[in-house]
Amino acid sequence: MSAQPRRVAVTGIGLLTPLGIGVDDTWQGLIDGRSAVGAISDYDASSLRTQLGAEIRDLDPKQFVNRRALRTMTRYDMLATVAAVLAMTDSGVELIEDDPDGRAALFTAGGKEISKPEHFEEVAVAVRGQDGLVDMRKFGEAAPSSVHPLFFIEGIQGASLFYISEAYALRGPNTYLSGTAESGMTAIARGFGAIRRGDADVALAGGADAPVCWWNMAKIDSVGLTTRSNELGAGACRPYDSERDGTVMGEGGAFVVLEEMDAAKSRGARIYAELSGSGSATDVEHLLTPEREGHALAHAIGAALRAGGEQAGEIDYVASHGSGTRRGDASEARALHTVFGDTGRPLVSSVKPATGHLGAGAGALNLAVAALAVHRQQAPPTLNLNNPDPACDGIESIVGEARQAPIRKAIALARGLEGQNVALAVRAV
């Protein structure tokens, strides 16, 4: 007979969002109904469809990361490392210095593609011919003296694995996942699985991204999933509202520390919640636009519930994906209605109007929100939901102000740009 799966506790949360640095600042901003969305100020965004974003202010990374490491980090790596440090500090866990068996795991996620684009910008322009195409002969001649010597090394996608594992000597199972909202939640699901199976005793997992930077915004803007309502400022991202016309990107990250439950209790750890189940499914019908009825998302939620031994009627709160896109929100609402029906529907809210869409960090943030809702018996509102769309009437949205309520069990959701759907279930301890 196989051994019983081990229980998994969430003992640390690290939040780095445009609302603040750390759990308390971000959570208070969410509960107070504040939004960090505004006009992009780091560069001239006037040529973009969407000139709004949620940017992190007043962050001194030297408080969290040593100067030597910072010299070769991109912003993606820095945000991930800071969020991970915040989670480890919050957990109070003390890892053994010599861990030859690799019992401490690390799973990270991000949207990083290349090194710092400005390292390549000048030479890329200089070697273009009159036809606008790159003259590869000129590039070959100029590259040795014009391309930053660490351009490739700095641009390695999974570099955050190195920086974080180096900081804490994490020698156990590890993976870097590249993607959008689903990747950060999948990283946490991987950490959950590693502890549950007995492959690790502690796991640091989450995601971070910098989608507001000019390099990413130039690409995201062309997809047509971001809002055109620049004049609305902080009111532009409107999940489930009849006037919604797209999302707003934000930068930041969220990491959690997961531990085997008995060990966490033995050391007297503060336990936010128990992570009880995970599920995922892929919608292969369309690229970028989710299948109308949300069947794949409903399947992912159902799988998470079954894995945790939960019943749909027991779920009190859903930290939804709620990005503010026309088809995405409607299909998510239908998926929730499929799972939860008309009676006993859980409270639902999206934090994206407050923090922006954190890209690869968005799903991890939702898991943190679900765990905090269970821990603090309170859930944040969905901002800017002034005229609920009848197409989204299958959900019980929290509107106006935060809701104090008995929240014993919750679900966190994340959806990717190419059909990925992930759900994680948490419950009170």
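Numbering starts at 1 and runs along the sequence shown.
- Within a 6.0 Å radius of CZ in R334, other residues, nucleotides and ligands contribute more than 12 heavy atoms.
- Here the straight-line distance linking atom CG of L367 with atom CG of L275 works out to 6.0 Å at 0.5 Å rounding.
- A donor and an acceptor atom, one from each side chain of N387 and S242, are nowhere located under 3.5 Å apart.
- For Q404, the CD atom sits in a packed shell: over 12 heavy atoms of surrounding residues, nucleotides or ligands are nearer than 6.0 Å.
- Partner L15 forms a side-chain contact (heavy atoms from CB on, under 4.5 Å) with one of L86, V369, L365 and no other, that one being L365.
- To the nearest 0.5 Å, the span separating CZ on R238 from CZ on R244 amounts to 10.0 Å.
- Looking at S323, S320, S331 one by one, the single match for side chain to side chain donor-acceptor pair (under 3.5 Å) with R415 turns out to be S331.
- Every residue was checked against the side-chain hydrogen bond (donor to acceptor under 3.5 Å, both in side chains) condition with S350, not counting sequence neighbours, and none meets it.
- Residues in residues 303-320 take part in these salt bridge (charged side-chain N to carboxylate O under 4.0 Å, His left out) pairs, two or more places apart or across chains: E310-K409, E310-R427, E314-K409.
- With contacts defined as side-chain heavy-atom distances shorter than 4.5 Å, the pair M88/L95 qualifies.
- Nearest heavy-atom pair, G20 versus D25, reported as atom, atom and distance to 0.1 Å: CA-CB, 3.8 Å.
- Environment of CD in E231: crowded, with over 12 heavy atoms of neighbouring residues, nucleotides or ligands closer than 6.0 Å.
- The 12-atom threshold is not exceeded at CZ of R228, counting heavy atoms of other residues, nucleotides or ligands nearer than 6.0 Å.
- Here the shortest heavy-atom pairing between P290 and R327 reads O-NE, 2.9 Å.
- Not counting sequence neighbours, F152 has no partner by the ring pair (Phe, Tyr, Trp, His ring centres under 6.0 Å) test.
- Between the side chains of S160 and T108, at least one donor-acceptor pair of N or O atoms lies under 3.5 Å.
- Residues T282 and Q420 bring no donor and acceptor atom of their side chains to less than 3.5 Å of each other.
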List, one per line, each side-chain donor-acceptor pair under 3.5 Å for residues 351-358, sequence neighbours excluded.
| unit_1 | atom_1 | unit_2 | atom_2 | d |
| --- | --- | --- | --- | --- |
| K352 | NZ | H321 | O | 2.5 |
| T355 | OG1 | V351 | O | 3.4 |
| H357 | ND1 | G359 | N | 3.0 |

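- Rounding to the nearest 0.5 angstrom, the gap separating the OG1 atom in T81 from the CG atom in L70 is 8.5 Å.
- Within a 6.0 Å radius of CZ in R267, other residues, nucleotides and ligands contribute more than 12 heavy atoms.
- In terms of heavy-atom proximity, A200 sits nearest to A105 at CB-CB, 3.9 Å.
- For the residue pair D32/Q28, the side-chain donor-acceptor check at 3.5 Å is satisfied.
- Looking at residues two or more places apart in sequence or on another chain, you find a side chain to side chain contact (heavy atoms under 4.5 Å, CB included) between N216 and Y76, D209, P211, C213, K219, I220.
- For the residue pair I395 and A333, the shortest heavy atom distance occurs at CG2-CA, 4.0 Å.
- A donor and an acceptor atom, one from each side chain of S41 and E55, are located under 3.5 Å apart.
- Distance CG/L106 to OH/Y176: 12.0 Å, rounded to 0.5 Å.
- Remark: R57 CZ is packed, more than 12 non-hydrogen atoms of other residues, nucleotides or ligands lying under 6.0 Å away.
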Contacts table for residues 294-304: side-chain donor-acceptor under 3.5 angstrom, sequence neighbours left out:
none

Item checked: Full working for side chain to side chain contact (heavy atoms under 4.5 Å, CB included) between I164 and F255 -> CA-CA 11 Å; I164 299 169; F255 273 72; 4.2 Å; yes

